[in-house]
Novice: 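Sending over a structure as structure tokens; questions will come in a sec.
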Amino acid sequence: MSQPLRFIFGLHLHQPVGNFDHVMADHVRDVYRPIIERATAAGFFPLTLHVSGPLLEWLEDHDTAWLDMIGRLATDGRLELLLAGFDEPILASLPRPDRLEQIGRMREYLQRRFGVQATGLWLTERVWQPELAADLATAGVEYALVDDRHFLASGFRHDELHRPHHTESDGQRVGLLAIDERLRYLIPFRPPEETASYLKQLRAQGRGLAVLADDGEKFGGWPGTKDWVYGSGWLDNFLKTMESLKTAGEIELNRPASIPRGPVRRTRLSRHRVVPGNGEVGAATGGPAGAHDAGGGAGPRTAGGGVRVRAGRTLAPFFSEVPRVEPHA
């Protein structure tokens, strides 16, 4: 039998500048604290986490205990913190100096507050642009988490997505890890057994890697998700199911920085833009009755009682010559 499937479980936590204090506090109480506490109590680590600059600043003023908890987990190697633009800008919309300044501010904060040297990047709104690679490398970013749609739009097959990649611009290289869209639909909207079945299927097919990185607000902040994730026992069942997979040797939780990235050959990677919002595409059915974040609108419900979250749309099929990576040996 093959080695365990390397599974990356990542959360992106964000609240916009100027959001109401009670909204921030509610999310810390109902989402950010319980998801981290329950995951670590269950031994579900290492986790991967991005916390936006506006939320970090609010936490510094209102809940340093939560930040201290994150710092301890990062120091112990149970959590990997990600970079991004500090103010949560869409990097593709910024000129080069501003991109570097925004990433630099986040790097300096994480180093000062938590004592960590972050090397990975959460891509705000998951908007990619080919020339970003050079600026990310200049900013000290070693890898970025990117929607698998970017790869599929460029001609990659699904069976090529579950492995690390590289891309480059202006002769500078950065690693890419494809976020699995199916996992974003399964977690937390479907029963944990369906996620387990999918992960076992990937391993049986010889895939080496599965990446989830998505909005943490799905775990109690969107309408209906608090009752679904906590009240119905979804999270506890999910953690037990993942532990069973770990014990059986089916999966192994990994930090993105620990995933090696292999050699390079040339290909094209698309620039794919999404409508600002949660960046989701399609529908999630069978889960909570509604879902949106504090700053966005609720998606229309599907006929099955689930929720169709805001769609990301390909606005322009632009292409730029960048490299593609062969699987790591």
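Computation of the quantities below employed the complete heavy-atom set of this structure, encompassing side-chain atoms and omitting hydrogens, waters and symmetry-equivalent molecules. All residue numbers in this chain count up from 1 along the given sequence.
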Novice: Taking atom OG1 of Thr241 and atom CG of Asp236, what is their separation to the nearest 0.5 Å?
Specialist: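 Rounded to the nearest 0.5 Å, the OG1-CG separation comes to 10.5 Å.
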
Novice: Does a side-chain heavy-atom distance below 4.5 Å link Trp234 with Phe189?
Specialist: no

Novice: Under the ring pair (Phe, Tyr, Trp, His ring centres under 6.0 Å) test, which residues partner His62, sequence neighbours left out?
Specialist: Trp58

Novice: Which residues pass the side chain to side chain contact (heavy atoms under 4.5 Å, CB included) test with Ala213, not counting sequence neighbours?
Specialist: Trp122, Leu145, Ile179

Novice: With hydrophobic residues grouped by side-chain heavy-atom distances under 4.5 Å, do Val127 and Leu100 end up in a single group?
Specialist: no

Novice: How close do Glu181 and Asp148 get, counting heavy atoms only, and between which atoms?
Specialist: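 Reported closest heavy-atom pair: N-OD2, 2.9 Å.
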
Novice: Got a salt bridge between Glu250 and Lys200, using NZ or NE/NH1/NH2 to carboxylate O under 4.0 Å?
Specialist: no

Novice: Looking at every heavy atom in both Pro46 and Leu253, which two are closest together, and how far apart are they?
Specialist: CD-O, 3.7 Å

Novice: Flag the pair Asp159 / Gln205 as yes when at least one side-chain heavy-atom distance between them is below 4.5 Å, and no otherwise.
Specialist: no

Novice: Compare all side-chain heavy atoms of Phe7 with those of Leu199 and state whether any distance is below 4.5 angstrom.
Specialist: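 They are in side-chain contact.
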
Novice: With Glu243, which residues qualify under salt bridge (charged side-chain N to carboxylate O under 4.0 Å, His left out), at least two apart?
Specialist: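 Expected list: Lys246.
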
Novice: For Asp227, check side-chain hydrogen bond (donor to acceptor under 3.5 Å, both in side chains) against everything at least two apart and list the hits.
Specialist: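 Partners of Asp227 by the side-chain hydrogen bond (donor to acceptor under 3.5 Å, both in side chains) criterion come out as none, since no residue qualifies.
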
Novice: Nearest 0.5 Å, please: how far is NE2 in His27 from CD in Glu217?
Specialist: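 Here the interatomic distance stands at 5.5 Å.
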
Novice: Among residues two or more places apart or on two chains, list those pairs meeting salt bridge (charged side-chain N to carboxylate O under 4.0 Å, His left out) that have a residue in residues 10-21.
Specialist: none

Novice: Taking side chain to side chain contact (heavy atoms under 4.5 Å, CB included) as the definition, give me every residue that meets it alongside Pro54, ordered by chain and number, with sequence neighbours left out.
Specialist: His14, Val17, Ser52

Novice: Mind checking whether Phe45 and Leu5 sit in one hydrophobic cluster, side chains of I, L, V, M, F, W, Y counted as touching below 4.5 Å?
Specialist: no

Novice: Under a 4.5 Å cut-off applied to non-hydrogen side-chain atoms, are Leu47 and Leu11 in contact?
Specialist: no

Novice: How long is the span from the CG atom in Leu176 to the OG1 atom in Thr167, to the nearest 0.5 Å?
Specialist: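 Rounded to the nearest 0.5 Å, the CG-OG1 separation comes to 5.5 Å.
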
Novice: Can you tell if the side chain of Met69 reaches within under 4.5 Å of the side chain of Tyr32, non-hydrogen atoms only?
Specialist: no

Novice: Go through the structure and list residues passing side chain to side chain contact (heavy atoms under 4.5 Å, CB included) with Ser197, not counting sequence neighbours.
Specialist: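 Testing Ser197 for side chain to side chain contact (heavy atoms under 4.5 Å, CB included), a comparison that skips the adjacent residues, returns none.
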
Novice: Any Lys/Arg nitrogen of Arg126 or Asp214 sitting under 4.0 Å from an Asp/Glu carboxylate oxygen of the other?
Specialist: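 Salt bridge: yes.
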
Novice: Stepwise, does the side-chain contact (heavy atoms from CB on, under 4.5 Å) test hold for Arg99 with Leu132?
Specialist: CA-CA 9 Å; Arg99 294 173 184 170; Leu132 279 176; 3.7 Å; yes

Novice: Under a 3.5 Å distance rule, please check whether His12 uses its side chain to pair with a backbone N or O of Gly10 as donor and acceptor.
Specialist: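 Side chain of His12 to backbone of Gly10, a donor-acceptor pair under 3.5 Å: no, none is there.
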
Novice: Tell me which donor-acceptor pairs under 3.5 Å the side chains of residues 74-82 have, and how far apart each pair is, sequence neighbours excluded?
Specialist:
| from | atom 1 | to | atom 2 | distance (Å) |
| --- | --- | --- | --- | --- |
| Thr75 | OG1 | Gly71 | O | 2.9 |
| Asp76 | OD2 | Arg78 | NH2 | 3.2 |
| Glu80 | OE1 | Ala257 | N | 3.2 |
| Glu80 | OE2 | Tyr143 | OH | 2.4 |

Novice: Is any side-chain heavy atom of Leu235 less than 4.5 Å from a side-chain heavy atom of Leu239?
Specialist: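 Yes, their side chains come closer than 4.5 Å.
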
Novice: I need the minimum non-hydrogen distance between Ala134 and Arg96, along with the two atoms involved.
Specialist: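 In this case the closest contact between Ala134 and Arg96 is CB-NH2, 4.1 Å.
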
Novice: Determine, step by step, whether Gln117 and Arg107 satisfy the side-chain contact (heavy atoms from CB on, under 4.5 Å) criterion, reporting the C-alpha distance in whole Å, the side-chain angles of both residues, the deciding distance to 0.1 Å, and the verdict.
Specialist: CA-CA 7 Å; Gln117 290 285 353; Arg107 177 186 299 283; 4.2 Å; yes

Novice: Report the C-alpha distance between Met242 and Thr195 in whole Å, list the side-chain angles of each, state the deciding distance to 0.1 Å, and finish with yes or no for side-chain contact (heavy atoms from CB on, under 4.5 Å).
Specialist: CA-CA 9 Å; Met242 293 302 104; Thr195 299; 4.2 Å; yes

Novice: Between Val141 and Val174, which heavy-atom pair has the shortest distance, and what is it?
Specialist: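 Residues Val141 and Val174, closest heavy atoms: O-CG2, 3.7 Å.
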
Novice: Give, for atom CG of Leu152 and atom CG of Leu161, the distance between the pair rounded to the nearest 0.5 Å.
Specialist: 5.0 Å

Novice: Please enumerate all residues that pass side-chain hydrogen bond (donor to acceptor under 3.5 Å, both in side chains) together with Arg182, with sequence neighbours excluded.
Specialist: none

Novice: Between the main-chain N or O of Ile187 and the side-chain N or O of Lys218, is there a donor-acceptor pair closer than 3.5 Å?
Specialist: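 Yes, Lys218 side chain to Ile187 backbone: donor-acceptor pair under 3.5 Å.
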
Novice: The criterion is salt bridge (charged side-chain N to carboxylate O under 4.0 Å, His left out); which residues satisfy it with Arg105, sequence neighbours excluded?
Specialist: Asp87, Glu101

Novice: Kindly give the heavy-atom pair with the smallest separation between Gly220 and Val31, and that separation in Å.
Specialist: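 In this case the closest contact between Gly220 and Val31 is C-CG2, 3.4 Å.
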
Novice: If you define the side chain from C-beta out and look only at heavy atoms, does anything of His158 sit under 4.5 Å from Arg207?
Specialist: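 No, their side chains stay 4.5 Å or more apart.
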
Novice: Is there a path of hydrophobic side-chain contacts, each under 4.5 Å between heavy atoms of I, L, V, M, F, W or Y residues, that connects Tyr198 with Leu212?
Specialist: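 Same cluster: Tyr198 reaches Leu212 through Ile, Leu, Val, Met, Phe, Trp or Tyr contacts under 4.5 Å.
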
Novice: List in chain and number order the residues that pass ring pair (Phe, Tyr, Trp, His ring centres under 6.0 Å) with Phe9, two or more places apart in sequence or in another chain; answer none if no residue qualifies.
Specialist: Phe44, Phe238

Novice: What residues form a side chain to side chain contact (heavy atoms under 4.5 Å, CB included) with Thr64, not counting sequence neighbours?
Specialist: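 Side chain to side chain contact (heavy atoms under 4.5 Å, CB included) list for Thr64, sorted by chain: Glu60, Arg113.
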
Novice: Can you tell me how far apart CD1 (Ile90) and CD (Gln102) are? Round to the nearest 0.5 Å.
Specialist: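 Rounded to the nearest 0.5 Å, the CD1-CD separation comes out at 12.5 Å.
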
Novice: Using side-chain heavy atoms (C-beta onward) and a distance below 4.5 Å, is Leu136 in contact with Ile103?
Specialist: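 A side-chain contact exists here, since the closest heavy-atom pair is under 4.5 Å.
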
Novice: Run the side-chain contact (heavy atoms from CB on, under 4.5 Å) check on Leu91 and Trp128 step by step: do they pass?
Specialist: CA-CA 8 Å; Leu91 293 175; Trp128 174 258; over 6 Å; no

Novice: According to a hydrophobic-cluster definition based on side-chain heavy atoms being under 4.5 Å apart (Ile, Leu, Val, Met, Phe, Trp, Tyr only), do Leu67 and Val28 belong together?
Specialist: yes

Novice: Taking all non-hydrogen atoms of both residues, which atom of Thr138 and which atom of Gln172 are closest, and how far apart?
Specialist: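 Looks like OG1-NE2, 3.0 Å.
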
Novice: Please round to the nearest 0.5 Å and tell me the distance separating atom CG of Leu110 and atom CD1 of Ile70.
Specialist: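 Interatomic distance, Leu110 CG to Ile70 CD1, rounded to 0.5 Å: 11.5 Å.
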
